[in-house]
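Data first, discussion second: the structure below is written as structure tokens.
A quick note: this is a predicted structure, and the numbers were derived from the prediction, not measured.
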Amino acid sequence: METVVIIGGGLAGHRAATTLAELCPEQRTVLIHSESGKPYDRPPLSKDFLLGAKRPTLKGSELYGDRIVLRDGTKATLIDPLRRIVHTDIGEPEHYDKLLIATGSRARQFENLNVDPAQIHCLRTESDALRLRAALAPGRRLAVIGGGFIGLEVSSVARRLGCQTTIIELAPRLLPRSASLSLSEWVATRHASEGGELRLNCADLRMSNNSKGEVALTWDGGAAVADMLLIAIGIGPNAEIAADAGIDTADGIVVNARCETSVPGIYAAGEVTNYPVPALGRRLRSESWTVAGDQAVVAAQVMCGLDAQYQDLPWFWSDQCGVTLQSFGLPALATRLYRIGEVASERWLEIGTDDHGRFVSAVGVNPGRDMTQLRRDAKAGKPISPDLMSRAEEIDPSEIYLATG
């Protein structure tokens, strides 16, 4: 009996395991999961779960213990590609015929931080979310370091729970790496209208406890005081175990469209991968729930002997302040922008193209069917629908996305 071992119990590891169980039931599938219990869905952790919702489950969880061997509470420590063994911190090593690395990412840490650890939060796991949920009490002051999607989502929820929130961002705008200027401005206006404080251009940020035990934050030209911090300055790939095994890495584990690494028999999927995007003519590492799940399915199909490739564009969404924000493709590549709807409203979409009119990105607020059509056409290799373009107006080039880091 062939054994497939999966390292990582996030969405990618779970989706690969359940797909393998369906496609190749004769194989033995082992999932090594560092947390306790079955894998769970992570996006709700920054939203409904903080409001008291139950642990978010994933489709196919009933297969654990039946058709999937779950080694939870276990950390993979070393891959031996010559002997095809995965060593762990608990129990006997696992022998594999094929191996999938789906180790995901970890929250980036912050320097110049001299604060009581009890007042510092990050958000990657269920235990992180439970700890943060217990701290979000009415009247408490939350400082969010980082104006990206996670920090904004938590800020929105925290205000619903009666907290005061201050978002502190090094860049001159929110969502500095993932949105057009118009979307950044829309989000800033929306959060401010709900009572959220925004502090931008916060260079040389420092944090420490004052004599009252509060968190005192200072930066060039400003200061603030809070009861607790959420560090939300991005994530980094957990690629060390792959690098130590001699697998090629470069801002993640380098894979091809079939999710194959540089070592035969070893695959990778999810946030930890650096993968090719032929439609955009480049490689990238994507922090996308959809990419993680779909890429894992491709990896499982390939491990079962099927001819499959992952070639889709990254797609993100974020629920906050009563709306859904979406980003598709890579906004940094847009040289021309077209807009459907009024940017001051709660439903609009911006389409980005390159100088040759080829689609590269779309961002918007509650974009609905228009975004669905763009995603469907892009996946089929079709150009932008004439119907969409007939309803779009080209906007000032000064609003083109500008990368800030």
Which residues share a side chain to side chain donor-acceptor pair (under 3.5 Å) with Q109, sequence neighbours left out: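 Testing Q109 for side chain to side chain donor-acceptor pair (under 3.5 Å), a comparison that skips the adjacent residues, returns none.
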Check whether any side-chain N or O of [X] sits under 3.5 Å from a backbone N or O of [Y] as a donor-acceptor pair, and report yes or no.
X    : Y    : answer
R108 : G234 : no
S155 : G151 : yes
S208 : N114 : no

Disulfide (SG to SG under 2.5 Å) involving C304 - partner list, sequence neighbours excluded: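 C304 satisfies disulfide (SG to SG under 2.5 Å) with C24 only.
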Aromatic W315 / basic R375 pairing, under 6.0 angstrom, 45° off normal: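 Pair R375/W315 counts as cation-pi.
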Is it the case that [X] and [Y] place a side-chain donor and acceptor less than 3.5 Å from each other?
X    : Y    : value
D319 : T324 : yes
T125 : E35  : no
E287 : S105 : no
S318 : E153 : yes

Ring geometry between F316 and F149 (parallel below 30°, tilted from 30 to 60°, perpendicular above 60°):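 The rings of F149 and F316 lie parallel, inter-plane angle below 30°.
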Evaluation steps, side-chain contact (heavy atoms from CB on, under 4.5 Å), between I101 and I79: CA-CA 10 Å; I101 304 174; I79 298 169; 3.7 Å; yes
Looking at [X], I want to see if its [atom1] is surrounded by more than 12 non-hydrogen atoms of other residues, nucleotides or ligands under 6.0 Å.
X    : atom1 : value
E26  : CD    : yes
E240 : CD    : yes
D387 : CG    : yes

With sequence neighbours excluded, residues passing side chain to side chain contact (heavy atoms under 4.5 Å, CB included) with P278: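 Result, side chain to side chain contact (heavy atoms under 4.5 Å, CB included) vs P278: Q311.
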